[in-house]
Amino acid sequence: AELAMAAAASASSRATADVSDREVPPESGSLYPHLPESEMQGLAEAIDAVAPKKDARTVLDGLGAAQERHVTIDELKNRFFVLGMQSGFALQMFVMSVIVMASAYDQATGAVFELSQVYYPLYRGLFLLCFFLTCYGVDLYMWKRFEINYRKILGVTHEHNYHCIVRGSFGAMTVVFFSFVLYILTLNTHISGNKHVWPISALVILLIALFWPFDWMHEWEDRRQRYELMKTIGAILFSPLTRVSFARTFIADVLTSMPKLFGDFATTACVLATGEAFHVEWDPSTKSLNTGNMVCNDSNPSYVAVRATLLVLPFWLRLMQCCRQYRDTRLRKHAFNALKYCTSIAVVALSLVSSSEHNKWAYAWTCVSVLSSLYTFWWDIHMDWGLRICRTARTRTFVYPHWFYIVAVFLNGCARLTWAVYISPGQTVVRQHVVLVLGCVELLRRAQWALLRLEWEQHSRNIEAAAGLARLFHSSTGAGAAAGLGDRAAVIRNLLGQLVQGSSQDEAADLAQEYLLLDN
């Protein structure tokens, strides 16, 4: 604006000097009819140079990258529009798959019956996995929106963000959805000569995408993220021999919400390895399945043993982590946490026994399920979220809106009502196709649990760090007692540098400012 005013003043002064020597014909529609054409053009160029343009408006945003840069408002809107569309399409494809499966109920073709006998466990597991990835992408956005430092808590880099996860979940859901639709159409209308090519293709494509040795999304280095995830899961499998970190316990907790996935993938591996999937055919004349020699069912002790082991495995690994934490810290809370997972294992074991003993153990399974559900619900609220009925307002700060905590407690309690049925492989309360709905409920509950779990972990770490630094400061040979504010800040930086091994003094100062020790 100052440049435009200066240009206008300069042009006016020069025009005033020349106006007595020559006559300038006025231009129609001009704001300054007394100015010559050359001066008017210079003034217009000066105004255009400083006038705000819509496309030139920029903000600082990394768009998922570690280094922030100037991006235009239009670019930012387009990015979030694409992310929203991808998330919405992923959820729509999941719902459409359920509708397609319901519409395939035709005894003339037997599509649903053949699906449930062969590839339903595979598609159920893949759909639930893609569904949780979408929910996890929403979690990452919420953590960033409310300034929860999930990168520091989980030990991940800036490339691990909702931009990467949402795009990955959308791609995986697209592959599974089109594979499922083509498989159903093949069963109904025989559009392809080989009906097995579609589910096997989806499985192979996703495995290639997981183990591909190069980046699919170079901007976010997804190859390194995939390998880090597999390395972390490998360390979890060797519990209690490996060190326990928060990231490992977090992933193990997520796996406890996916026991059905382990069982579904075990069933899929069995029907493909034995060739059983290729011998199942629907007979329209008798309206029944010709299954041949079935080996992947409850009458096979080896199959039952492997499947039961995989169903119990997530809870067993989490139990071993709790035992290792108790051995390292001697804190009683880890022993009580281990007891929680013992009750979960008992629920799965009694479900398997009750299904094979003609409901002889059904009453015991019901009692243990109620006890385990109440215990895990209390642990979620009190220990994992830090919500105390009487002392919460005085002992913690709230990052999310207050109503969110009330809704979260209510929804968590409702989801826990069906949790025992979901993890029990031998239950007869609901039909197996309803397990897909219960799986969605459990994964939504886990995503909501993760939002509050990391918030409470950050709050706990800040309190512990502030208390530890305060103790070190007051015990540092009285150096801070007679020092001024500047010296106190120097002492805090030195002490924090001792706590954070390998950190420079600048990094220590940033951490000290983060914990508000320089201001309070």
Side-chain angles (χ1 to χ4, degrees), residues 61 76-77 80-81 83-88 90-92 94-95 128 131-154 161-163 165-166 169 246 249-250 253-254 256-257 333 337 340 370 372-420 422 437-464 466 514-516:
D61 197 296
L76 192 64
K77 289 181 178 179
F80 279 95
F81 174 77
L83 288 176
M85 291 291 289
Q86 289 175 336
S87 302
L91 296 178
Q92 279 187 326
F94 179 77
V95 175
L128 289 177
F131 177 74
F132 181 75
L133 282 178
T134 304
C135 295
Y136 180 63
V138 176
D139 281 353
L140 291 173
Y141 171 78
M142 294 292 290
W143 289 329
K144 180 176 175 59
R145 169 67 177 79
F146 289 95
E147 299 182 350
I148 295 176
N149 194 353
Y150 68 90
R151 297 187 179 97
K152 179 180 178 181
I153 298 174
L154 297 177
N161 52 67
Y162 56 89
H163 298 271
I165 299 299
V166 169
S169 64
F246 178 82
T249 60
F250 179 81
D253 276 325
V254 171
T256 59
S257 293
K333 68 176 183 179
N337 200 14
K340 180 185 70 173
V370 173
S372 179
S373 299
L374 293 176
Y375 191 10
T376 52
F377 172 73
W378 174 84
W379 192 275
D380 289 343
I381 306 305
H382 188 81
M383 301 299 295
D384 289 345
W385 295 351
L387 300 178
R388 276 71 169 176
I389 297 178
C390 299
R391 298 183 293 115
T392 298
R394 302 194 305 269
T395 58
R396 64 166 295 170
T397 57
F398 295 97
V399 174
Y400 304 111
H402 284 69
W403 61 264
F404 179 77
Y405 297 88
I406 300 174
V407 173
V409 171
F410 175 76
L411 294 179
N412 187 278
C414 294
R416 283 296 185 185
L417 296 176
T418 60
W419 171 80
Y422 167 68
V437 179
L438 299 183
C440 295
V441 173
E442 171 59 20
L443 293 181
L444 285 173
R445 187 201 67 82
R446 180 59 65 181
Q448 174 193 264
W449 170 89
L451 286 175
L452 295 176
R453 181 67 186 93
L454 260 70
E455 183 238 0
W456 174 242
E457 179 67 17
Q458 176 172 275
H459 179 75
S460 302
R461 289 190 181 190
N462 289 345
I463 292 177
E464 292 176 1
E514 178 184 347
Y515 294 127
L516 304 179

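All values below come from the heavy atoms of this structure, side chains included, with hydrogens, waters and symmetry mates left out. Fair warning: this is a prediction, and the values are worked out from it, not measured in the lab.
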Please determine whether the number of non-hydrogen atoms from other residues, nucleotides or ligands lying under 6.0 Å from atom OH of Y375 exceeds 12. yes
CD on Q86 to CZ on F81, rounded to 0.5 Å: 10.5 Å
Side chain of Q458, backbone of I148: donor and acceptor closer than 3.5 Å? no
From CZ (R446) to OG1 (T256), nearest 0.5 Å: 4.0 Å
Check: F94 and C440 side chains under 4.5 Å, non-hydrogen atoms: yes
Give the intermediate values and the outcome of side-chain contact (heavy atoms from CB on, under 4.5 Å) for residues K340 and W378. CA-CA 10 Å; K340 180 185 70 173; W378 174 84; over 6 Å; no
Within a strict 4.5 Å, meaning less than it, do heavy atoms of the W379 and D384 side chains meet? yes
How close do L454 and F250 get, counting heavy atoms only, and between which atoms? CD1-CE1, 3.6 Å
Nearest 0.5 Å, please: how far is CG in L452 from CZ in F398? 10.5 Å
Show the numbers, then the answer: is there a side-chain contact (heavy atoms from CB on, under 4.5 Å) between N161 and L140? CA-CA 6 Å; N161 52 67; L140 291 173; 5.5 Å; no
Y162 side chain vs M142 backbone, donor-acceptor pair below 3.5 Å: no
Side chains of Y141 and K144: does their closest heavy-atom pair fall under 4.5 Å? no
Hey, are the side chains of E147 and V399 touching, using non-hydrogen atoms and a 4.5 Å cut-off? no
Work out which heavy atom in R416 is nearest to a heavy atom in D380; give both atom names and the distance. NH2-OD2, 2.7 Å
Does N337 form a side-chain contact (heavy atoms from CB on, under 4.5 Å) with M383? I'd like the steps, not just the answer. CA-CA 9 Å; N337 200 14; M383 301 299 295; over 6 Å; no
Could you give the distance from CD1 (I381) to OG1 (T376), rounded to the nearest 0.5 Å? 10.0 Å
For S372 and W419, the nearest pair of non-hydrogen atoms, with its separation, is OG-CZ3, 3.3 Å
The test is side-chain contact (heavy atoms from CB on, under 4.5 Å); show your working for L444 and F131 and say whether it passes. CA-CA 9 Å; L444 285 173; F131 177 74; 3.7 Å; yes
Can you check whether V409 reaches F377 side chain to side chain, under 4.5 Å on heavy atoms? yes
Would you find a donor on one side and an acceptor on the other, under 3.5 Å apart, between the side chain of S169 and the backbone of V166? yes
For V370, does its backbone N or O pair with a side-chain atom of S373 as donor and acceptor, under 3.5 Å? no
What I want to find out is whether R453 reaches D253 closely enough, with some N-O distance under 4.0 Å, to be called a salt bridge. no
Shortest non-hydrogen pair, T134 vs A90, comes out as OG1-CB, 4.0 Å
Looking only at heavy atoms, the pair that brings S257 and Y422 closest together is O-OH, 3.1 Å
Going from CD on E457 to OG1 on T249, what distance comes out if it is rounded to the nearest 0.5 angstrom? 7.5 Å
Does L83 reach the side chain of H163, with side-chain heavy atoms less than 4.5 Å apart? yes
Taking the side chain from Y405 and the backbone from Y400, do they hold a donor-acceptor pair closer than 3.5 Å? yes
What class does the angle between the rings of W143 and Y136 fall in, given that below 30° is parallel, 30 to 60° is tilted and above 60° is perpendicular? perpendicular
Heavy-atom closest pair, residues D139 and A447: OD2-O, 3.0 Å
